[in-house]
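No experiment lies behind these values; they were computed from the predicted model shown.
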There are 2 protein chains.
Amino acid sequence: MSNSLPTPAGPAGTASSRVFDHLRKDLVGGRFVAGEKLAINALKDRYQVGLSPLREALNKLAAYGLLVQENQRGFRVPKLSRDELDDIAQMRLEMEGMALERAITNGDSLWEADLLAAAHRLKRADITLDKGEEWEHLHTQFHRTLVAPCGSVWLLRFIEQLHDQFDRYRRLGPKMPTIRQELDEQHHQLVELALQRDAKAARELMDDHIHKSYEVALKRYQEHV
Amino acid sequence: MSNSLPTPAGPAGTASSRVFDHLRKDLVGGRFVAGEKLAINALKDRYQVGLSPLREALNKLAAYGLLVQENQRGFRVPKLSRDELDDIAQMRLEMEGMALERAITNGDSLWEADLLAAAHRLKRADITLDKGEEWEHLHTQFHRTLVAPCGSVWLLRFIEQLHDQFDRYRRLGPKMPTIRQELDEQHHQLVELALQRDAKAARELMDDHIHKSYEVALKRYQEHV
DNA sequence: GTAGATTAAAAAATCGATTATCTTGTATAA
DNA sequence: TTATACAAGATAATCGATTTTTTAATCTAC
């Protein structure tokens, strides 16, 4: 994993890595308006860090694609567009499909256990909590586990990046219980097919899963404008 | 292109963007030893910049994958490994193949002209210059042009990233004239097939092209260790 | 001798202040 | 009125110095 993004910095992390994690969450979670220009001084107060670590975090986020940097005129939150959403969803289809097939080929019994655990935690959170940050985290974790043993560090990296981008659209609006339930059921079906090592069926279900998520995201995007 | 990396900063760019470009070139071109720890103070002298812009550039390069950042212990040049080379080459196969097919579907006559021009410039440089940085730049430019109208900003972004990574291996050693000539011929054949809109044949040739490049890179990696 | 503690030097990360650039509002001229 | 020029304020980028943490070397106890 030497090339992955750093794992979330605990309390021991640097100021820069902590504000990176925090800003990443906030950008993905829609706490900023798309297109908005970031007022660095305001961020300094908001995240309680100095200028240097803040700027370093902003630079990383720009290289990662969650911010746009223009020389001499700071940082902005990237605009949202229908075209880009289509692009992101299409890429997710291709790349997560590929990754899932490979994961089903390579995954061992430890993976099976991790997968069951991740699905269970997600379901638990579904019932217990009101779907907040905690649910989002477990959801991300589930999808990450699903494709983890695909054997390609770079594929995993790209998928993670696409998820962050996709979630900027998906998380624009409030939850939609009906469709949400369908999607949640698909998580469990995905686990079943993975355990049965049915790569073809799993990929088809994943395609459908992404497609349904896309429709949610699109709807929210359209309502949001 | 709002989400792409910034275009190379001309003389008007910031110190940070200039050192980013320069470092990127040097990292891809193998001017640093893989695994080496970067001495920030030495870099300050080498690139004639202050600490702040330098650190911002290093942070961007880490998020981009050309450096590894460890909290509290600075930056290193990523190690090279056979496994990673295989991964990168495999991903290039998938993604550039996909991009080429789409480009052939979407590309208009302006693209055809750009493609011919890029191929011609590359051949020119091949004959005229001793293959230095200029040839490398034109080579990158050719491959970029080839897939440019694929319609996906994210696909292009990932491909660019993979090229940078791949070149860290390919550029480990001196040129190999025989195989190089084969590869150069393939560039022209790729243009021909693109103009004929023969997506299937073009993709097969691209597969072969990447495979041959992979063999060069692998050989150099093995000799390098 | 080896493991663990101690400390000095080196390096990374951060801070506060300065400099350069852009932006906005106002004035002037065509 | 419209366009251009200018000045003042705001913001971005950079610098130099400080603080924190790691690394390496040395010492001590077993």
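Put simply, the side chain of L66(B) reaches to within 4.5 Å of the side chain of R24(B), judged on heavy atoms.
Rounded to an integer number of Å, the gap from R76(A) CZ to dT23(C) C1' is 13 Å. Distance R18(A) CZ to dT20(D) P: 13 Å, rounded to the nearest Å. Between the CD atom of Q72(B) and the P atom of dT22(D) there is a distance of 5 Å, rounded to whole Å. Protein atom CZ of R55(A) is 13 Å distant from nucleotide atom C1' of dC15(D), rounded to whole Å. When the C1' atom of dA13(D) is taken as reference, atom CD of E56(B) falls 7 Å away, rounded to whole Å. Remark: C1' of dA12(C) and CG of L51(B) are 9 Å apart, rounded to the nearest angstrom. Between the CZ atom of F75(A) and the P atom of dA12(D) there is a distance of 9 Å, rounded to whole Å. Here the P atom of nucleotide dA13(D) and the CG atom of L43(A) are 13 Å apart, to the nearest Å.
Note that R46(B) lies in the cation-pi zone of F32(B), set by a 6.0 Å cut-off to the ring centre and a 45° limit from the axis. For the pair R92(A) and F166(A), the cation-pi test (distance below 6.0 Å, angle within 45°) is passed.
L38(A) comes within 4.0 angstrom of sugar-phosphate atoms only, judged by non-hydrogen atoms across all strands, and of no base.
By the 4.0 Å N-to-carboxylate-O rule, K25(B) lies too far from E133(B) to be salt-bridged with it.
Considering only side-chain N and O atoms, K37(B) lies nowhere under 4.0 angstrom from the phosphate OP1 or OP2 of dT23(D). Side-chain N/O atoms of R73(A) include none lying less than 4.0 angstrom from OP1 or OP2 on dT11(D).
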